[in-house]
Amino acid sequence: MSQQVLRKVCLVGSGNWGSAIAKIIGNNVVRFPNFERTVNMYVYEEIVNGNKLSEIINTQHENVKYLPGVKLPENVYAVPSLIDACKDANVLIFCIPHQFVVPICKQMKGNLQPDAVGISLIKGLSHVSVSMERMSDVIARALNINCSALMGANLAHEVADEQFCETTIGCTDPSLWQMWKDLFHCEYFKVNCVRDILSVELCGALKNAIAVGAGIIDALDYGDNTKAAIIRLGLIEMKEFAELFNDEVNDDTFFESCGLADLITTCYGGRNRKVAEAHVRTGKSFEELEKEMLNGQKLQGPHTALQVYKILQEKGVEQRFPLFTSIYRICYEGESPEHLVKTLRDHF
């Protein structure tokens with residue numbers, strides 16, 4: 001009998017979401033015999049309180065900058081060199097801001113195991129082209145690997161605190177489903193796998209733009225009824241946007257955690273909602289507020305609204321998507337925040 005090839009896991013990214021996932025993965029790999037026990041986590045090196053962040057993580061087992069107060073398993077090892085972190089890995093988990101995917105993949109290309117597979121936990125669209133590129137597409141093409149996607153109502157601090165939640169994995173190869181479940185599923189993080197990766201990943205990106213609309217509504221001091229309309233109509237436009245690229249979109253995917261649940265969570269508790277509200281109330285730019293409010297994290301919502309609008313404009317269908325179009329125009333064309341409410345009244 002041939003010897004079983006162990007799965008060696010590398011986390012590419014170590015922000016609050018990456019660190020929360022690292023806690024789950026570090027605990028899960030020791031439960032199953034098909035994984036190596038050590039999990040490498042690529043850490044962009046920073047100096048925190050006079051010490052290297054990677055050294056702090058490896059001695060204190062805590063990401064004190066991005067996920068303070070949460071202990072990471074001791075088998076999660078922070079590595080400041082991307083190539084060293086991933087060179088022996090054949091399971092790659094991408095948890096970086098979408099703006100950095102292309103340069104990161106360029107560094108990784110040619111340094112991976114031949115049987116490597118990947119999964120994207122990145123909620124964004126490619127910023128390189130106005131054509132619709134999901135992060136799993138970008139990763140798969142750049143590295144010539146199969147790449148799945150994990151999306152859901154998964155606020156990092158709640159996951160790290162072991163509050164129950166669900167998530168959805170989009171994977172076109174069902175033979176990988178059990179491996180992904182072994183790696184991510186636990187008593188407080190419930191995993192469901194589906195084939196419809198396009199809808200899973202689009203939901204993860206598009207909900208950030210809708211959350212900007214929710215933040216605008218909050219800043220205008222409208223109540224939950226109005227925000228509920230934003231959520232409902234946003235879900236409709238998300239589904240119709242997916243149908244621009246796939247005639248066989250599965251409606252059920254939009255009622256998975258990646259769809260309706262993540263949209264609700266983001267419109268009430270996410271960073272895009274929070275910063276959009278501050279943008280309207282203070283008049284400060286999104287760039288200023290990102291630096292002031294997010295402790296090094298990146299804001300995806302306004303950029304996603306820009307990407308979506310460019311795609312809609314290319315296809316000549318802006319009028320079919322009044323919510324996305326209104327959010328774009330408020331963010332980038334100086335339209336007043338009240339335009340969003342006018343859109344709700346006039347177009348739906």
Side-chain angles (χ1 to χ4, degrees), residues 8-30 35-86 89 91-101 103-104 107-108 118-124 135 150-163 165 167 183-184 186 188-189 204 265-266 269-272 274-275 290-300:
K8 170 71 174 176
V9 180
C10 173
L11 270 156
V12 182
S14 56
N16 66 338
W17 181 215
S19 297
I21 283 294
K23 178 180 174 182
I24 292 174
I25 290 171
N27 288 326
N28 277 354
V29 294
V30 301
F35 295 106
E36 289 192 15
R37 294 176 64 87
T38 300
V39 174
N40 284 350
M41 180 170 70
Y42 166 60
V43 174
Y44 178 78
E45 194 69 279
E46 301 177 69
I47 302 300
V48 179
N49 299 325
N51 297 300
K52 294 179 178 179
L53 180 58
S54 62
E55 294 180 357
I56 295 172
I57 293 173
N58 289 334
T59 55
Q60 299 180 23
H61 307 293
E62 179 183 349
N63 190 333
V64 296
K65 179 169 184 179
Y66 294 108
L67 198 65
V70 176
K71 286 298 179 182
L72 301 179
E74 294 187 9
N75 60 324
V76 174
Y77 186 71
V79 182
S81 164
L82 175 62
I83 302 306
D84 288 344
C86 69
V91 179
L92 303 164
I93 300 166
F94 291 86
C95 300
I96 51 178
H98 70 274
Q99 299 95 321
F100 303 141
V101 169
I104 286 286
Q107 293 183 60
M108 295 172 67
I119 188 166
S120 170
L121 278 63
I122 304 164
K123 296 179 177 180
M135 290 298 104
L150 181 152
M151 305 285 150
N154 307 144
L155 295 178
H157 66 278
E158 294 186 13
V159 174
D161 289 341
E162 302 186 9
Q163 298 182 32
C165 65
T167 201
L183 198 55
F184 291 104
C186 65
Y188 62 88
F189 195 72
T265 297
T266 307
R271 73 186 75 158
N272 292 283
K274 179 171 66 174
V275 174
E290 182 183 70
K291 293 176 182 178
E292 290 178 10
M293 300 174 66
L294 298 186
N295 190 34
Q297 298 176 64
K298 297 298 180 181
L299 189 69
Q300 297 100 347

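Positions are given from 1, in the same order as the sequence printed here.
- For the pair Asn51 (side chain) and Ile56 (backbone), a donor-acceptor distance under 3.5 Å is absent.
- The closest side-chain heavy-atom distance from Phe189 to Asn154 is below 4.5 Å.
- Partner of Val79 under the side-chain contact (heavy atoms from CB on, under 4.5 Å) criterion, out of Asn58, Ile57, Asn40: Asn40 alone.
- Residues that satisfy the side chain to side chain donor-acceptor pair (under 3.5 Å) test with Thr266, not counting sequence neighbours, are Lys207, Asp262.
- If you take NE2 on His98 and NZ on Lys123, they are separated by 13.5 Å, rounding to the nearest 0.5 Å.
- Under the salt bridge (Lys or Arg N to Asp or Glu O under 4.0 Å) criterion, no residue pair touches residues 92-101, with sequence neighbours excluded.
- Using a 4.5 Å heavy-atom threshold, the side chains of Asn63 and Ser14 count as touching.
- Residues passing the side chain to side chain donor-acceptor pair (under 3.5 Å) test with Glu162, sequence neighbours excluded: Lys23.
- Here the side chains of Glu45 and Leu53 are in contact, with some heavy-atom distance below 4.5 Å.
- Contact annotation: the side chain of Gln300 approaches that of Asn272 to within less than 4.5 Å [non-hydrogen atoms, C-beta and beyond].
- The line from NZ of Lys274 to CG of Leu294 is 6.0 Å long, rounded to the nearest 0.5 Å.
- In this structure, Asp84 CG and Tyr77 OH are separated by 9.5 Å, a value rounded to the nearest 0.5 Å.
- Side-chain contact between Ile25 and Phe35 is absent, with no heavy-atom pair separated by less than 4.5 Å.
- Counting all heavy atoms, side chain and backbone alike, Ala156 lies closest to Ala20 at O-CB, 3.6 Å.
- For the pair Asp161 and Tyr188, the minimum side-chain heavy-atom distance is 4.5 Å or more.
- More than 12 heavy atoms of other residues, nucleotides or ligands lie within 6.0 Å of CZ in Phe184, so this atom counts as buried by the packing criterion.
- In this structure, Ile104 CD1 and Tyr42 OH are separated by 4.5 Å, a value rounded to the nearest 0.5 Å.
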Intermediate values then yes/no, side chain to side chain contact (heavy atoms under 4.5 Å, CB included), His157 and Asn16: CA-CA 7 Å; His157 66 278; Asn16 66 338; over 6 Å; no
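- Contact annotation: the side chain of Lys8 approaches that of Thr38 to within less than 4.5 Å [non-hydrogen atoms, C-beta and beyond].
- If you take CZ on Phe94 and CE on Met108, they are separated by 4.0 Å, rounding to the nearest 0.5 Å.
- Contact annotation: the side chain of His61 never approaches that of Pro73 to less than 4.5 Å [non-hydrogen atoms, C-beta and beyond].
- The number of heavy atoms from other shown groups lying within 6.0 Å of NZ (Lys291) does not exceed 12.
- A donor-acceptor pair is defined here as one N or O able to donate and one able to accept, closer than 3.5 Å; such a pair exists between the side chain of Arg271 and the backbone of Lys298.
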